[in-house]
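Working notes, structure below.
Reminder, nothing fancy here: chain letters follow the sequence lines and each chain counts from 1. As a basis for the values below, the full set of heavy atoms in this structure was taken, side chains included, without hydrogen atoms, waters or symmetry mates. This structure is a prediction, so every number in the text was calculated from the model and none was measured.
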2 protein chains.
Amino acid sequence: MPTIRDVARLAGVSVATVSRYLNNSGYISQEAAQKIRHAIEALDYEPNAIARGLAKKRTSTIAVLLPDITNPFFAELVKSVEASARDRDYNVVIWSIDEGETAEHSFNAFLRMLQLQYIEGVIIATHTLATKQVEALKKRAIPFVFLDRPALVTTAPVIRADNRKGARLAVRHLREVGATQIAHIGGPQALLPARERLQGYLEEIKAGGRDMQPVIVEGDFTLEGGMNAIYRILEQAPDTDGIFAANDLMAIGALKALHRAGIAVPEDIAIIGFDGISLTAMIEPELSTVAQPIAALGARAVDRLMHLAEHGGMDEHVDTLEVTLIARASTQRGRLH
Amino acid sequence: MPTIRDVARLAGVSVATVSRYLNNSGYISQEAAQKIRHAIEALDYEPNAIARGLAKKRTSTIAVLLPDITNPFFAELVKSVEASARDRDYNVVIWSIDEGETAEHSFNAFLRMLQLQYIEGVIIATHTLATKQVEALKKRAIPFVFLDRPALVTTAPVIRADNRKGARLAVRHLREVGATQIAHIGGPQALLPARERLQGYLEEIKAGGRDMQPVIVEGDFTLEGGMNAIYRILEQAPDTDGIFAANDLMAIGALKALHRAGIAVPEDIAIIGFDGISLTAMIEPELSTVAQPIAALGARAVDRLMHLAEHGGMDEHVDTLEVTLIARASTQRGRLH
DNA sequence: AAACGATGTGTAACCGGTTACAGACGAAAG
DNA sequence: CTTTCGTCTGTAACCGGTTACACATCGTTT
């Protein structure tokens with residue numbers, strides 16, 4: 001591994017000049033640049049990232065904080081974050097913050113890592129984060145952006161999908177395929193996106209006229225939560241013929257429970273989810289969903305983070321990206337009843 | 001952020017002594033240790049990982065090379081690798097190596113990253129890796145272990161599941177629930193695990209007596225591959241009443257295709273997959289599978305890597321971990337015919 | 001002609017650790 | 001009483017970059 005001093009020697013200039021060349025900082029003469037270029041070429045030199053990190057007090061690394069990589073939504077998100085970061089020669093470290101008692105401990109370890117590794121920014125895609133913890137980040141002057149979460153503190157950008165509108169699209173679609181009694185399986189109402197989706201649902205139910213009654217049961221964004229919700233819905237509102245679940249995982253759970261209860265989808269009940277994870281296309285019947293632009297979310301988050309890291313300045317921009325309806329078998333038109 | 005010099009000053013010793021204390025190297029008197037302990041406590045000092053990395057030419061970081069984080073098998077694997085690494089205060093960087101034309105470019109970027117970041121070891125969980133590329137790793141003296149792949153080069157440890165035995169378990173289970181004509185949807189035969197699973201299938205078919213005929217179609221480990229395989233199987237062997245797919249994703253595809261063809265599972269055809277990804281419990285009917293000990297695989301890989309990194313010495317041990325049969329609805333006993 | 005600003009370069013300190021080496025000390029061995 | 005050895009510590013070089021600062025050159029202004 002050649003070092004910058006090897007390059008300097010071969011090019012017949014000082015290390016400072018080589019460093020300036022590498023960083024496009026300060027003045028460099030044509031001849032010097034030329035010689036350095038050749039020396040770098042000849043030695044197949046690449047600056048050492050660790051040494052540079054130490055000197056600059058910043059490495060080209062960002063972190064993603066998420067609840068669980070095995071959740072397909074986050075896996076897809078990470079994929080796009082990674083791709084975007086790589087395009088800019090940045091590295092990504094994933095940090096899963098487990099729930100429950102070790103959460104605090106885990107977050108502290110994360111904080112420590114951030115500092116000791118000179119991580120440049122954090123994409124926060126987890127909800128289980130206390131304001132106190134975000135303040136800790138802020139105090140350390142590490143840029144961060146929130147993904148589909150409310151900011152918790154001001155002065156941090158948020159990247160989000162248009163949840164309310166997506167919910168309206170979903171419910172409208174159910175109405176269009178003939179559902180007249182539409183129930184909602186909501187997410188944890190502590191989470192903003194869950195509240196927004198509920199709101200969109202309510203708006204659209206209201207738009208449906210007075211004979212549409214809202215039926216709402218709260219789930220927890222898990223498969224099991226979706227299954228349990230079905231039992232409650234069937235009890236509360238046996239005439240339900242359409243269901244909008246606040247995320248795909250719960251919709252898939254709902255599908256399971258309905259299947260077990262001997263209720264046909266979409267013939268008896270049409271169902272639609274939210275997120276657009278690839279899982280929705282794998283099951284049978286394929287699940288209609290409102291797709292978040294997952295790749296775009298990740299890319300935008302990286303954009304914003306880079307911007308913050310480079311130009312500083314706490315912008316508190318909120319990016320709201322568009323969602324798209326994907327109609328599939330679970331809401332097929334021409335149903336029986 | 002206090003530095004080691006701050007600690008040294010406060011403790012009234014030299015930085016060398018503090019460093020020795022931190023690394024348990026060399027001799028330290030009781031009193032010195034005591035004073036240093038207090039100073040560290042008082043300053044809330046933590047050694048800077050980057051500086052240490054530069055000096056030691058090694059950071060506490062390992063890399064995982066995989067094809068696609070959105071594949072649930074790899075997501076679950078990463079999760080366990082991450083947890084094990086974290087226990088040892090190691091960080092993990094994920095590197096997805098895309099297939100196709102940019103694969104080589106991507107791998108080169110990976111190699112560069114390894115060196116410039118002083119990465120200590122690599123877990124290779126991707127199949128699209130040429131011998132040449134592995135040699136490149138080896139030449140750079142970076143320890144690595146293979147996960148469920150043949151070694152490609154000698155002198156590298158391999159962690160794997162007992163594929164052949166798992167396949168036998170699967171097929172035997174199908175027989176036990178009454179299947180008499182069992183087909184196999186194989187993986188790409190270029191991959192060793194796929195070949196081993198096929199072998200297990202063949203052995204168990206043979207054990208079933210002469211009236212059992214092997215029927216084999218090759219898939220590609222994807223959902224679509226599984227769907228296509230079904231069409232070929234139904235054509236080739238219409239009397240098939242049991243299917244063993246070489247991985248869960250293909251089994252799920254098969255389930256989809258059977259559903260579309262109006263064939264009931266498990267009533268008409270029983271089906272079982274391989275891997276034990278959590279997806280298998282999400283679909284309906286729930287998919288029977290041969291579960292790889294995914295968490296154990298990840299943990300063991302980290303173990304081996306640490307061992308290599310610390311004690312050097314290219315051990316070429318092969319770890320074969322046990323698999324377990326999980327019987328679910330897709331192979332329910334007491335089927336109709 | 002003096003002063004000035006833009007251009008170009010090298011020296012050396014610095015980032016925050018690790019570690020080779022030399023030296024001090026006391027106890028045990030010869 | 002020397003020698004030897006184990007224990008303990010500090011100085012300073014080093015890892016491989018970045019950058020403040022000093023200095024030199026040269027074309028323009030005043």
Side-chain angles (χ1 to χ4, degrees), chain A residues 1-37 39-40 43-61 89 112-120 141 310, chain B residues 1-37 39-40 43-61 89 112-120 141 310:
Chain A
M1 291 264 90
T3 73
I4 196 173
R5 297 180 215 267
D6 297 326
V7 174
R9 197 172 314 125
L10 183 57
V13 299
S14 73
V15 291
T17 304
V18 177
S19 180
R20 277 186 218 107
Y21 171 83
L22 292 170
N23 296 284
N24 292 315
S25 60
Y27 297 105
I28 304 268
S29 66
Q30 293 293 323
E31 307 91 272
Q34 186 74 292
K35 286 186 293 180
I36 293 171
R37 210 172 357 257
I40 287 177
L43 296 171
D44 194 19
Y45 166 79
E46 296 256 7
N48 179 299
I50 299 290
R52 172 175 284 179
L54 179 60
K56 283 206 155 148
K57 288 169 172 295
R58 36 176 290 211
T59 57
S60 292
T61 309
D89 280 317
R112 218 166 46 230
M113 185 273 288
L114 285 187
Q115 303 230 268
L116 305 181
Q117 306 263 9
Y118 293 136
I119 300 289
E120 290 189 39
E310 276 155 31
Chain B
M1 291 265 90
T3 72
I4 196 173
R5 300 185 213 263
D6 298 325
V7 174
R9 197 172 314 126
L10 183 59
V13 299
S14 74
V15 292
T17 306
V18 178
S19 181
R20 278 185 218 106
Y21 170 84
L22 292 170
N23 295 285
N24 292 316
S25 60
Y27 296 104
I28 304 269
S29 67
Q30 291 294 324
E31 307 91 272
Q34 186 76 289
K35 287 185 292 180
I36 291 171
R37 211 172 357 257
I40 287 176
L43 295 171
D44 193 21
Y45 166 80
E46 296 256 7
N48 179 299
I50 300 289
R52 173 175 282 179
L54 179 59
K56 283 206 155 152
K57 288 169 172 295
R58 37 176 288 215
T59 58
S60 291
T61 309
D89 281 316
R112 217 166 47 229
M113 186 273 288
L114 285 187
Q115 301 231 268
L116 305 181
Q117 307 262 11
Y118 292 136
I119 301 288
E120 288 189 41
E310 276 155 32

Side-chain heavy-atom pair B:Tyr21, B:Ile40 within 4.5 angstrom cut-off: yes
B:Lys57 side chain near D:dG16 phosphate (N/O to OP1/OP2, under 4.0 Å): yes
Presence of B:Tyr45 side-chain N/O under 4.0 Å of C:dG17 phosphate oxygens OP1/OP2: yes
Atom pair distance, as rounded to whole Å: OH in B:Tyr27 and P in D:dC5: 13 Å
Between C:dC14 (P) and B:Met1 (CE): distance, integer Å: 21 Å
Under 4.0 angstrom between B:Ser14 side-chain N/O and D:dT11 OP1 or OP2: no
Spacing of A:Asn24 atom CG relative to D:dT19 atom C1', expressed in whole Å: 15 Å
Sugar-phosphate, base or nothing in reach of B:Tyr21, heavy atoms under 4.0 Å: nothing
Nearest listed nucleotide, side chain of B:Pro47, among C:dG17, C:dC15, C:dA20: C:dG17
Sugar-phosphate only, base, or nothing, as touched by B:Ile28 at under 4.0 Å among non-hydrogen atoms: sugar-phosphate
Presence of A:Arg52 side-chain N/O under 4.0 Å of D:dT18 phosphate oxygens OP1/OP2: yes
Nearest-nucleotide 5' precedence on DNA chain C, B:Ala51 against B:Thr17: B:Ala51
CA sep, side-chain torsions, deciding dist, call: B:Thr61, B:Gln117, side-chain contact (heavy atoms from CB on, under 4.5 Å): CA-CA 9 Å; B:Thr61 309; B:Gln117 307 262 11; over 6 Å; no
Side-chain touch B:Arg52/B:Leu22, heavy atoms, less than 4.5 angstrom: yes
Protein-nucleotide distance (A:Arg9, atom CZ; D:dG16, atom C1'), rounded to Å: 13 Å
Touch class at under 4.0 angstrom, heavy-atom based, for A:Thr3 against every strand present: sugar-phosphate
Whole-Å distance separating the CG atom of A:Asp6 from the C1' atom of D:dC15: 13 Å
Heavy-atom side-chain contact between B:Tyr27 and B:Arg20 under 4.5 Å: no
Spacing of A:Arg5 atom CZ relative to D:dT18 atom C1', expressed in whole Å: 10 Å
A:Leu116 and B:Glu46: CA distance, side-chain angles, deciding distance, side-chain contact (heavy atoms from CB on, under 4.5 Å) verdict: CA-CA 8 Å; A:Leu116 305 181; B:Glu46 296 256 7; 3.9 Å; yes
Sugar-phosphate, base or nothing in reach of B:Ala49, heavy atoms under 4.0 Å: nothing
N or O in side chain of A:Asn48 less than 4.0 angstrom from D:dC15 OP1/OP2: no
Contact nearer the 5' end of DNA chain D, comparing B:Leu54 with B:Val15: B:Val15
Touch class at under 4.0 angstrom, heavy-atom based, for A:Ser29 against every strand present: sugar-phosphate
Gap between atoms CG and P, on A:Asn23 and D:dG17 respectively (whole Å): 11 Å
Step-by-step side-chain contact (heavy atoms from CB on, under 4.5 Å) determination, B:Met1 to B:Asn48: CA-CA 9 Å; B:Met1 291 265 90; B:Asn48 179 299; over 6 Å; no
Gap between atoms CZ and C1', on A:Arg58 and C:dC15 respectively (whole Å): 15 Å
